[in-house]
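Just so you know, these numbers use all the heavy atoms, side chains as well, and skip hydrogens, waters and symmetry mates.
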Amino acid sequence: MPAPRSVAVFVGSLRKESYSRKLALALGEMAAPDMQFDLVDIGGLPLYNQDDDASSPPAYEELRDAIRRADAVLFITPEYNRSVPGVLKNAIDIASRPYGQSAWNGKPGAVISVSIGAIGGFGANHHLRQSLVFLNVPAMQQPEAYIGNAGKLFDDAGAIAADATRDFLQNYLAAFARWIDANQAG
Ligand code: FNR
């Protein structure tokens, strides 16, 4: 059997009961054995300070290495005030520097936005995509994933409750695996 594609997963919420995190965990189970999901801890990162580029703090380097090691990156994020939560933007900025050495460069990616509301985090999803264009992360265009009504998404075991949603996400994962293969760097 070929090795699974390794996916560095970035969750844009630090909340213990985060729906975004629950979705990341559920998707990780659904994605096996084709993909291996590794959730990257971004909650302990210091706020990005450009003065630190020269000294490269260990936390910065660990984040950049986690991205470089992975075949692909997946963002699963809530929407805060119609945009990307600061904790996720901070991680994006840290890994984008020093200038000319961005860890994101060329890494195939995908975006899933999550909301308790009906719009499914559309604003965050597309603000994030704006950064990914600049960072040269080829971000899967279709299918798009705006997951609304997140409060009703899971059963008691943390699995996706509705068959239709599970089918949609399984299809999304299959498309992402093809996207990774088609956009693999080098
Ligand atoms: C929100 N929430 C929210 N939801 C939305 O659909 N659009 C928005 O712009 C916002 N803005 C927003 C700002 C802040 C500061 C908070 C704390 C929350 C609600 C959000 O969808 C809800 O809290 C989710 O449960 C957050 O995702 P996690 O933590 O469950 O992954």
Side-chain angles (χ1 to χ4, degrees), residues 3-29 31-32 35-115 121 123-140 145 147 150 176-177 179-180 183-186:
R5 304 159 185 86
S6 60
V7 179
V9 180
F10 295 85
V11 173
S13 171
L14 304 181
R15 199 168 72 86
K16 277 204 275 313
E17 294 297 320
S18 160
Y19 298 123
S20 309
R21 178 170 300 279
K22 285 181 183 171
L23 182 58
L25 295 174
L27 284 179
E29 303 226 334
M35 290 183 274
Q36 148 122 30
F37 278 20
D38 294 306
L39 271 60
V40 180
D41 179 13
I42 58 173
L45 290 168
L47 282 179
Y48 176 68
N49 180 339
Q50 195 178 353
D51 289 340
D52 292 337
D53 277 357
S55 58
S56 273
Y60 284 17
E61 281 307 312
E62 281 167 30
L63 173 69
R64 293 164 183 156
D65 285 348
I67 297 163
R68 291 204 176 96
R69 272 198 309 272
D71 294 322
V73 292
L74 173 62
F75 300 90
I76 304 180
T77 186
E79 175 173 89
Y80 279 3
N81 301 307
R82 296 282 182 260
S83 189
V84 180
V87 68
L88 181 55
K89 184 62 166 56
N90 185 51
I92 288 170
D93 293 341
I94 290 172
S96 73
R97 292 282 162 147
Y99 183 75
Q101 297 171 46
S102 168
W104 303 109
N105 188 31
K107 208 56 82 169
V111 177
I112 299 174
S113 52
V114 178
S115 171
N125 192 307
H126 281 258
H127 272 187
L128 180 49
R129 285 173 184 276
Q130 181 171 320
S131 293
L132 298 183
V133 169
F134 179 69
L135 294 169
N136 194 31
V137 170
M140 185 169 73
I147 308 297
F176 188 36
W179 182 258
I180 295 170
N183 289 278
Q184 207 51 250

Could you please spell out the steps behind the side chain to side chain contact (heavy atoms under 4.5 Å, CB included) verdict for Y48 and D53? CA-CA 9 Å; Y48 176 68; D53 277 357; 3.0 Å; yes

Would R21 and L39 count as a side chain to side chain contact (heavy atoms under 4.5 Å, CB included) if you check the C-alpha gap in whole Å, the side-chain angles of each, and the deciding distance to 0.1 Å? CA-CA 9 Å; R21 178 170 300 279; L39 271 60; 3.6 Å; yes

Side chain to side chain contact (heavy atoms under 4.5 Å, CB included) evaluation trace for I67 with V73: CA-CA 7 Å; I67 297 163; V73 292; 4.2 Å; yes

CA sep, side-chain torsions, deciding dist, call: E79, S113, side-chain hydrogen bond (donor to acceptor under 3.5 Å, both in side chains): CA-CA 7 Å; E79 175 173 89; S113 52; over 6 Å; no

Test R64 against S56 for side chain to side chain contact (heavy atoms under 4.5 Å, CB included), laying out the working first. CA-CA 10 Å; R64 293 164 183 156; S56 273; 3.4 Å; yes

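Rounding to the nearest 0.5 Å places CD1 of I94 at 6.0 Å from CG of L63. From E61, atom CD reaches atom OG of S55 across 9.5 Å, with rounding to the nearest 0.5 Å. Separation of atoms CD1 (I112) and CD1 (I147) is listed at 6.5 Å; rounding is to 0.5 Å. Taking CZ of F10 as the reference point, atom CG of L74 lies at 9.5 Å (rounded to 0.5 Å). Here CZ of F37 is found 11.0 Å from CZ of R5. Values are rounded to the nearest 0.5 Å. Here the straight-line distance linking atom CG of L45 with atom CG of N90 works out to 6.0 Å at 0.5 Å rounding.
Summarising the geometry of V114 relative to A150, their closest heavy-atom pair is CG1-CB, 3.7 Å, with the distance given to 0.1 Å. Here the closest heavy-atom approach between residue R68 and residue S102 is recorded as NH2-C, 4.4 Å. The two residues A72 and F176 make their nearest non-hydrogen contact at CB-CZ, 4.0 Å. Nearest approach of P108 to V137, heavy atoms of both residues: C-CG1, 4.4 Å. Counting all heavy atoms, side chain and backbone alike, N125 lies closest to A145 at ND2-O, 3.3 Å. The heavy-atom pair separating G12 from L88 by the smallest distance is CA-CB, 4.1 Å.
Side-chain contact between S18 and P78 is absent, with no heavy-atom pair separated by less than 4.5 Å. A 4.5 Å side-chain heavy-atom check between F75 and L132 finds at least one atom pair inside the cut-off. Residues V7 and I180 have side chains in contact (heavy-atom distance under 4.5 Å, counting atoms from C-beta outward).
Distance alone, capped at 3.5 Å, places no donor-acceptor pair between the D38 side chain and the A8 backbone. D41 places a side-chain N or O within 3.5 Å of a backbone atom of G43 that can act as its donor or acceptor partner.
Other residues, nucleotides and ligands place no more than 12 heavy atoms under 6.0 Å from the CD atom of E29.
Residues passing the side chain to side chain donor-acceptor pair (under 3.5 Å) test with S20: none are found, sequence neighbours excluded. Partners of W179 under the ring-ring contact (aromatic ring centres under 6.0 Å, His included) rule, at least two apart in sequence or in another chain, do not exist in this structure.
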